[in-house]
Amino acid sequence: MGKILIDLLFMSQKRRDLMLFLRDGGRTLEEIVDVLNVTPTGMLPQIKKLKEEFLVLQEDKEYRLTPLAEVLVEKMQLLLDTLEVIEEHKNFWQERDLSGLSPAFLERLNELKPYSIVNPTPDKIFETPAVFLKNMEKSKNILYLSSIFHPAFPETFLKTENSDAEITLIVTKRIYERLKSDFRKELKLYLNRDKKRLFVCADEVKIAMLTKTEHFMMADFLTWKGAYDQESIISFEPAPLKWAEDLILHYKEQAQEIKE
């Protein structure tokens, strides 16, 4: 039975599209044919197969999902969305070390769409991406998690020009020690300003950098070799922003706040 259901759900584009289309309620054959851009002769055999497995039922002229099918379709949509996120940039995801994500956040990878990849050009490989700086400049509510010390860190977050922005930084012990030793004055000024907070994680963080503001999110994951290759994902949509915010706050809850 399990193999039959898997084949029914995933081995036919027509059946898969129909199941997803019926998720929002009953539809007539005319509506199905029109929206899915299929022919009645091509779709009716697929409807028959779904009816035989009690996934679709017919009430008068409308076709509906059965309660069992409704459950399966929700899971199917989640899987398809997750696959879409990964397959859009398959090589990127295959090279990432995602062990810094708990199962709860791995299960929410589907929320990262739509997103794009930011790659440094050879002539700017040691520069902070312009899209990051542009969006940071206009942001007033900034959450930032980091396990690496990026050269732009002091200028981006510790500079006095950011006095009006609400900034929450979550860093590792090593970064905190670096700030205390090399940027003591800037750190002290940062901690003495209003709406500026710093948290230090006692445990290891395997996410290179994660930024979320009211305008965008940007994530940098280490590779499986522990390297930082400057490839980032970026998005300006609500779902990815919420995913990034929740993940940063997850680490913040486990960190200790530093006060001057």
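Owing to the predicted nature of the structure, the values given are computational and were not obtained by experimental measurement.
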Using modelled atom types only, decide if a donor and an acceptor are shared between the side chain of [X] and the backbone of [Y] within a distance under 3.5 Å.
| X | Y | value |
| --- | --- | --- |
| Ser235 | Pro114 | yes |
| Asp34 | Glu30 | no |
| Tyr190 | Arg197 | yes |
| Gln254 | His250 | yes |
| Ser12 | Arg15 | yes |
| Ser181 | Arg178 | yes |
| Lys134 | Pro129 | no |

Kindly check if the number of other-residue, nucleotide or ligand heavy atoms within 6.0 Å of [atom1] ([X]) is above 12?
| X | atom1 | answer |
| --- | --- | --- |
| Asp194 | CG | no |
| Lys195 | NZ | yes |
| Lys113 | NZ | yes |
| Lys188 | NZ | no |
| Asn37 | CG | no |
| Glu52 | CD | yes |

Do [X] and [Y] share a hydrophobic cluster (ILVMFWY, side-chain heavy atoms under 4.5 Å, transitive)?
| X | Y | result |
| --- | --- | --- |
| Val200 | Leu191 | yes |
| Leu98 | Ile86 | yes |
| Leu65 | Ile32 | yes |
| Leu18 | Leu79 | yes |
| Val35 | Val73 | yes |

Distance from [X] atom [atom1] to [Y] atom [atom2], nearest 0.5 Å?
| X | Y | atom1 | atom2 | value |
| --- | --- | --- | --- | --- |
| Leu187 | Asp182 | CG | CG | 11.5 Å |
| Lys196 | Glu166 | NZ | CD | 8.5 Å |
| Leu72 | Leu55 | CG | CG | 6.5 Å |
| Glu137 | Phe132 | CD | CZ | 10.5 Å |
| Ile170 | Ile175 | CD1 | CD1 | 11.5 Å |
| Ser116 | Glu88 | OG | CD | 8.0 Å |

Side-chain contact test, heavy atoms from C-beta onward, threshold under 4.5 Å: evaluate it for [X] versus [Y] and give yes or no.
| X | Y | value |
| --- | --- | --- |
| Arg23 | Glu74 | yes |
| Arg96 | Leu222 | no |
| Tyr251 | Leu210 | no |
| Leu143 | Lys252 | no |
| Arg16 | Gln13 | yes |
| Phe149 | Val171 | no |
| Asp81 | Leu78 | no |
| Leu20 | Leu80 | yes |

| request: Would you please classify the geometry between the Trp93 ring and the Phe221 ring as parallel, tilted or perpendicular, with 30° and 60° separating the classes? | output: tilted
| What is the ring orientation for Phe105 with Trp243, classed by angle as parallel under 30°, tilted 30 to 60°, or perpendicular over 60°? |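 It falls in the perpendicular class, over 60°.
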| message | Before you tell me yes or no, could you show the steps for Leu169 and Phe153 under side chain to side chain contact (heavy atoms under 4.5 Å, CB included), namely the whole-Å CA-CA distance, both residues' side-chain angles and the distance that decides it to 0.1 Å? | response | CA-CA 10 Å; Leu169 306 178; Phe153 184 96; 3.9 Å; yes
| message | Between Ile167 and Tyr144, is the side chain to side chain contact (heavy atoms under 4.5 Å, CB included) condition met? List the steps. | response | CA-CA 8 Å; Ile167 304 177; Tyr144 180 78; 5.8 Å; no
Under a 4.0 Å N-O cut-off, is there an ion pair linking [X] with [Y]?
| X | Y | result |
| --- | --- | --- |
| Lys242 | Glu111 | no |
| Glu53 | Lys49 | no |
| Asp246 | Lys212 | no |
| Glu214 | Lys140 | no |
| Arg174 | Glu177 | no |

| request: Compute whether any side-chain donor of one residue and acceptor of the other, for Glu95 and Asn91, lie under 3.5 angstrom apart. | output: no
So, for [X] and [Y], which heavy atoms are closest and what is the spacing to 0.1 Å?
| X | Y | result |
| --- | --- | --- |
| Asp220 | Ser232 | OD2-OG, 2.6 Å |
| Ala219 | Met217 | CB-CE, 4.2 Å |
| Ser147 | Ile207 | OG-O, 2.7 Å |
| Leu241 | Thr213 | CD2-O, 3.5 Å |
| His215 | Phe236 | O-CD2, 3.4 Å |
| Ser139 | Ile142 | CB-CG1, 4.0 Å |

| Ile233 and Ile117: side chain to side chain contact (heavy atoms under 4.5 Å, CB included), yes or no, with the steps? | CA-CA 5 Å; Ile233 67 171; Ile117 297 288; 3.5 Å; yes
| message | Using ring centroids (six-membered ring only for Trp), state whether Phe92 and Tyr115 fall under 6.0 Å. | response | no
| note | Only residue of Leu57, Thr28, Ile47 satisfying side chain to side chain contact (heavy atoms under 4.5 Å, CB included) with Tyr63 is Ile47
